[in-house]
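In this chain, numbering begins with 1 at the start of the sequence shown. For the numbers below, each heavy atom of this structure counts, side chains included, while hydrogens, waters and symmetry mates do not. What you are looking at is a predicted structure, and each value in this text was computed from that prediction instead of being measured.
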Amino acid sequence: MNVTDELQKLQQLHQAGAINDDEFARAKARLLNEPPPVNAGFQGPFADAGPAALEQRTRQWALFLHLSQFAGYLVPLAGLIVPIVIWQLKKAELPGLDAHGKVVVNWIISALLYAIVCVILIFVFIGIPLLIVLGILAIIFPIVGAIKGNNGEVWRYPLSITFFK
């Protein structure tokens, strides 16, 4: 059997539904001695790159992104660095995660600015209660953001200054 006959047989199997698009592309590439298509036969964690799977991964990484702010309680400065790293590494792969990353980074920068103002206001005795409130909000907002992110919603943290749109 020559290559043309094999290709016709493959085409018939594909049209009959006996093999899927990826199997067809791999078999065709093997017959023609070409490298397989980029996504054909990919068996990594993103092999099921359908819209539902992409949405589920985006939701999962949004949850991780929001909760990664708590890494600062374990390792100093990790709560500032880890969310930014997750956002930058995953935003191209999961476009829906970009909005979550911007929300989280906007909150991190805003909270730092609020903390600086609170430290300055310690000298007029209002800074201590404001720091306590800021500490409570720094716990509540990431939790709410993580829950909303896992539900597929982008939640803009209240009191957050918009640096990234």
Side-chain angles (χ1 to χ4, degrees), residues 19-26 29 35-165:
I19 59 174
N20 64 29
D21 293 336
D22 287 340
E23 293 169 331
F24 175 73
R26 284 194 309 265
V38 175
N39 288 339
F42 180 65
Q43 298 298 322
F46 303 112
D48 57 345
L54 185 66
E55 175 66 22
Q56 181 60 34
R57 281 193 303 278
T58 301
R59 289 178 178 202
Q60 183 180 23
W61 278 103
L63 174 88
F64 294 151
L65 178 66
H66 288 280
L67 293 180
S68 68
Q69 295 176 68
F70 294 129
Y73 295 118
L74 299 174
V75 178
L77 298 178
L80 303 173
I81 297 168
V82 173
I84 294 170
V85 169
I86 290 173
W87 174 40
Q88 291 302 311
L89 291 177
K90 291 293 183 179
K91 73 179 180 179
E93 182 179 318
L94 304 168
L97 193 65
D98 190 39
H100 291 279
K102 290 176 182 177
V103 165
V104 169
V105 172
N106 284 335
W107 169 247
I108 290 171
I109 295 170
S110 299
L112 284 172
L113 292 174
Y114 294 145
I116 291 169
V117 170
C118 290
V119 168
I120 293 170
L121 291 176
I122 285 178
F123 297 111
V124 286
F125 301 109
I126 188 115
I128 294 173
L130 289 176
L131 274 173
I132 292 170
V133 169
L134 182 61
I136 292 169
L137 293 178
I139 293 171
I140 294 172
F141 287 173
I143 292 172
V144 173
I147 292 169
K148 298 267 187 181
N150 196 36
N151 291 334
E153 303 172 44
V154 177
W155 184 66
R156 185 178 175 271
Y157 294 15
L159 305 174
S160 180
I161 303 167
T162 304
F163 297 99
F164 298 100
K165 292 184 182 196

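A donor-acceptor pair under 3.5 Å is absent between the side-chain atoms of T58 and the main chain of L94, judged by distance alone. The backbone N or O of D22 sits less than 3.5 Å from a side-chain atom of N20, completing a donor-acceptor pair. At distances below 3.5 Å, not a single donor-acceptor pair connects side-chain atoms of N106 with backbone N or O atoms of T162. Put simply, the side chain of K102 gets close to the backbone of K165: a donor and an acceptor are under 3.5 Å apart.
Remark: L113 CG to I161 CD1 distance equals 5.5 Å, nearest 0.5 Å. The distance from atom CG of N150 to atom CZ of R59, rounded to the nearest 0.5 Å, is 7.5 Å.
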Donor-acceptor pairs under 3.5 Å, side chain of residues 119-138 to any protein atom, not counting sequence neighbours: which ones?
none

Identify every side-chain donor-acceptor pair in residues 62-79 under 3.5 Å, counting partners at least two apart or on other chains, and give the distances.
from: H66; atom 1: ND1; to: Y157; atom 2: OH; distance (Å): 2.6
from: H66; atom 1: NE2; to: H100; atom 2: ND1; distance (Å): 3.1
from: S68; atom 1: OG; to: L65; atom 2: O; distance (Å): 2.6
from: Q69; atom 1: NE2; to: H66; atom 2: O; distance (Å): 3.2
from: Q69; atom 1: NE2; to: Y157; atom 2: OH; distance (Å): 3.1

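The side-chain heavy atoms of Y114 and L159, taken from C-beta on, include a pair separated by under 4.5 Å.
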*Tell me, with the steps shown, if I86 and W61 meet side chain to side chain contact (heavy atoms under 4.5 Å, CB included).*
CA-CA 8 Å; I86 290 173; W61 278 103; 3.8 Å; yes
Q: Could you please spell out the steps behind the side chain to side chain contact (heavy atoms under 4.5 Å, CB included) verdict for V105 and I84?
A: CA-CA 7 Å; V105 172; I84 294 170; 3.8 Å; yes
Is there a side chain to side chain contact (heavy atoms under 4.5 Å, CB included) between F163 and S110 once you walk through the steps? CA-CA 9 Å; F163 297 99; S110 299; 3.8 Å; yes
* Going through the checks in order, is the side chain to side chain contact (heavy atoms under 4.5 Å, CB included) test met by V104 and I108? -> CA-CA 6 Å; V104 169; I108 290 171; 3.9 Å; yes
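Closest heavy-atom contact between W155 and F141: CZ3-O, 3.5 Å.
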